[in-house]
Amino acid sequence: MRTLIIGLDAFDPVFFEKLHIQGKTPHLGKLLEAGGYSRFRVSDPPQSEVSWTSIATGMNPGGHGMFDFVHRNPANYNLQVSLLPTQKNLLGLQFVPPHNARTIFDEAVEDGYPAASMWWPATFPAKLASPVQTIPGLGTPDILGRLGVGTYFSVEEPPNNVERKTAIRKLTKKGASKYTGTLEGPAKKNGTVNLDFELEIADNTASLQLAKQRVTLKPGEWSEIVELPFSVGFGMTVKAISRAILTSLDPVSIYFLPLQLHPLASPWPYATPKNFIQDQWKKNGPFLTLGWPQDTTALNENLINDEQFLKLCEMIDAERERVLDHSLDSFEEGLLACVFDSLDRVQHMFFKSREDVVEAWYIRLDQMVGRFVERASRKRKARIVVVSDHGFGRFDYKVHSNKWLADRGYLKTTNPASFDLRAVDWSQTQAYALGLNSLYLNLAGREGKGIVNENEAVNLLAKLKDDLLQWKGPDGGQVVQSALIRSEAFQGPLAAYGPDIFVGYRPPYRGSAETGLGQWRSEAVEKNDEHWEADHCFDSKSVPGVLFSNEGLSGFSSPSYRDIPALTLGRDLKTQAAAPPPKYSDEDQDEIEKRLKDLGYL
């Protein structure tokens, strides 16, 4: 067996097919013309961490247990980060794998083949006992244990914005052209471990001095990746990596990407095995390690501009291409996979307003695929699968599902002025929303303060479903395209832990960030005016993915994630014992909310 998987996060079939007709994607077009292309049915919900896990396992979310970016603890209604769950043990708070389902990579190594999974979502922390070679993707935290926001320094504070996520810090002037600042690093008992830096401006450039390194910065250009050592005491040092950009000379301003894990000195298990990540880093590094390294938050908050963001995305994809190129040098047999996710971030920010930018990325990825297909086939024949986890659509309206539930009497609050589940009167609440596509009953015997009895649940679910499908938005169309009761949406031994109703929004409607966090605003639907202008967290039928195979797709008339094991390994996965049910973290809710807000979706 010799199979290469190229994952193209968010590669949309409608956009691709239009470019194919225009002759702009010749390499993927060659696979299409040979009968090796189809639209690809993805999971509900079509969220990246759910969909890529379904692709890796061939399972519905009810089999692997990933249902939404946000899960909840039914006992106390607390938020849980599905991508980055935590558990306390004797060593303190530790990250644990987001799922334990068997994957195509596990199956390959069990059959005696090497397997490598690079930048695949929901693979952090590394499973140290696994022989699968891994570099984790979406879900990998920064050095602070968060999903990553950067730090902006300026001699002038930008306009106040209570919703801003990025840390804003003051540059202190130390002379005619010198400025100092402090990067805040890992937590310690009485604060944080910090790292001071000095910025000197001269002749339209800047010299950045930090941690015995001197880096030359040109306005508007990203620095090289720098290593940042934080001394945490007892002779121990935690290393981080980042890039900086001099965003302005007047006023003097500098922005640092989130402080990311150094793959050879991470406080948590980053990649496996040790010799694999050492080899990749030394020969093909450095590369950014955050699960969401394309800084959509800085762009959304106007701290970097469009061109700076797009250049960062190009650099990230170039880093991954370098690693995959190196891996292909020794790819004799087994399963090799690499996910490229910059297109997803580009489309979130430009899908509606800058078709030229999006088109350029599709053409770029087509050329990349063509090069890797040729390389993989050079030695001897390889099975090549190109797949995306979802497509894309406009995001014109934010939907506050809890406000809708309150307006219809399903949810009651103790304080009408409070828009948060913490103010809910559970003794009078039948249903609540938490997560981008999830709605739950306040079920007696399951929820900590549940009031809905089992014999009432069937009728209540039917009524909720009907009401959701009747909901009309400002454009006169349906807000919700599909509302699936759990038994309709999820199958498998973990289905009982999923939401009671999967809410499949109709583009251009999407669950708001507030809905994801169990909050809401004064109106059930509000206009989306953010730079984040497009999305995929809709009904899955609205945003199918793509599937290409150099061996054709005969026998797969309507391929879905369930077919990936057969397409990559040549057979279905062996039957496995059910994965254990989820354990819920008792981590501080404010910390969990901060971690969730680091994701652009929330």
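Values below: all heavy atoms of this structure, side chains included; hydrogens, waters and symmetry mates excluded. Note that the coordinates shown come from a computational prediction; the quantities given were computed from them, not determined experimentally.
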**Q** Out of Phe11, Phe538, Phe351, which one pairs with Phe392 under the ring pair (Phe, Tyr, Trp, His ring centres under 6.0 Å) rule?
**A**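 Among Phe11, Phe538, Phe351, the one that satisfies the ring pair (Phe, Tyr, Trp, His ring centres under 6.0 Å) with Phe392 is Phe351.
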**Q** What I want to find out is whether Glu447 reaches Arg72 closely enough, with some N-O distance under 4.0 Å, to be called a salt bridge.
**A**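 A salt bridge links Glu447 with Arg72.
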**Q** Is Lys311 salt-bridged to Glu307, going by a charged N under 4.0 Å from an acidic O?
**A**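 No, Lys311 and Glu307 are not salt-bridged.
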**Q** So, do Pro85 and Phe95 sit near enough that their side-chain heavy atoms are less than 4.5 Å apart?
**A**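 The answer is no; the side chains never approach within 4.5 Å.
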**Q** What closest approach, in Å, do Arg486 and Asp500 show between heavy atoms, and which atom pair accounts for it?
**A**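 For Arg486 versus Asp500, the nearest heavy atoms are NH2-OD1, 2.7 Å.
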**Q** Does Glu456, at its CD atom, have more than 12 non-hydrogen atoms belonging to other residues, nucleotides or ligands within less than 6.0 Å?
**A**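 For Glu456, atom CD is crowded (more than 12 foreign heavy atoms under 6.0 Å).
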**Q** Decide, yes or no, whether a salt bridge links Arg39 with Asp12 under the criterion of side-chain N to carboxylate O below 4.0 Å.
**A**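 Answer for the salt bridge query: no.
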**Q** Report yes if the distance between the aromatic ring centroids of Tyr432 and Tyr77 is under 6.0 Å, otherwise no.
**A**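 Yes, they do, as the ring centres are separated by less than 6.0 Å.
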**Q** Any ion pair linking Asp598 and Lys594 (charged N to carboxylate O, less than 4.0 Å)?
**A**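 No.
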**Q** Using a cut-off of 6.0 Å, state whether more than 12 heavy atoms not belonging to Gln491 lie near its atom CD.
**A**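 Above 12, so yes.
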**Q** Using a distance-only test with no angle check, is there a side-chain donor-acceptor pair under 3.5 angstrom linking Tyr584 and Asn76?
**A**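 The answer is no; no qualifying pair exists.
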**Q** Run the numbers on Thr140 and Leu290 for side-chain contact (heavy atoms from CB on, under 4.5 Å), then give the verdict.
**A** CA-CA 5 Å; Thr140 307; Leu290 189 68; 5.9 Å; no
**Q** Hey, are Arg595 and Glu587 close enough for a salt bridge, meaning a charged N less than 4.0 Å from a carboxylate O?
**A**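 Answer for the salt bridge query: yes.
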**Q** Count the heavy atoms belonging to other residues, nucleotides or ligands that lie under 6.0 Å from CD of Glu157, then report whether that count exceeds 12.
**A**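 No, the 6.0 Å shell around CD holds no more than 12 heavy atoms from other groups.
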**Q** Whether the Ser401 and Tyr505 side chains hold a donor-acceptor pair (N or O, under 3.5 Å, no angle test) is what I'd like checked.
**A**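 Present: a donor and an acceptor within the cut-off.
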**Q** What's the separation between atom CG in Leu171 and atom CZ in Phe153, rounded to the nearest 0.5 Å?
**A**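 The distance works out to 7.0 Å.
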**Q** Are the ring centres of Phe350 and His531 closer than 6.0 Å?
**A**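 Between Phe350 and His531, the centre distance is under 6.0 Å.
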**Q** To the closest 0.5 Å, what do you measure between CG (Asp44) and OG (Ser482)?
**A**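 Answer for the CG-OG pair, Asp44 versus Ser482, is 5.5 Å.
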**Q** Taking Glu514 first and then Arg521, would you say they form a salt bridge - that is, a charged N and a carboxylate O separated by under 4.0 Å?
**A**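 Arg521 and Glu514: salt-bridged.
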**Q** Looking only at heavy atoms, what is the nearest atom pair of Pro121 and Trp52, with distance?
**A**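 Closest approach of Pro121 to Trp52: CG-CD1, 3.3 Å.
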**Q** Indicate the atoms forming the closest heavy-atom contact of Pro499 with Phe67, along with that distance.
**A**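 Residues Pro499 and Phe67, closest heavy atoms: CD-CB, 3.9 Å.
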**Q** Any salt bridge between Glu533 and Lys398, counting N to O under 4.0 Å?
**A**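 Salt bridge absent between Glu533 and Lys398.
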**Q** With a sphere of 6.0 Å drawn around NZ of Lys541, does it hold more than 12 non-hydrogen atoms of other residues, nucleotides or ligands?
**A**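 No, not enclosed.
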**Q** Between His348 and Tyr601, is the ring centre distance below 6.0 Å?
**A**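 Yes, ring centres under 6.0 Å apart.
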**Q** Strictly below 4.0 Å, N to O, side chains only: are Lys352 and Asp396 in salt-bridge contact?
**A**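 Looking at Asp396 together with Lys352, the answer is yes, because their closest N to O distance falls below 4.0 Å.
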**Q** As a quick check of understanding, evaluate side-chain contact (heavy atoms from CB on, under 4.5 Å) for Asp142 and Leu147, giving each step before the final call.
**A** CA-CA 6 Å; Asp142 62 14; Leu147 290 169; over 6 Å; no
**Q** So Val525 and Lys403, side-chain contact (heavy atoms from CB on, under 4.5 Å) or not? Walk me through it.
**A** CA-CA 9 Å; Val525 177; Lys403 172 60 176 171; over 6 Å; no
**Q** Going by distance alone, is a donor N or O of one side chain under 3.5 Å from an acceptor N or O of the other, for Ser248 and Ser253?
**A**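 No, Ser253 and Ser248 have no side-chain donor paired with an acceptor closer than 3.5 Å.
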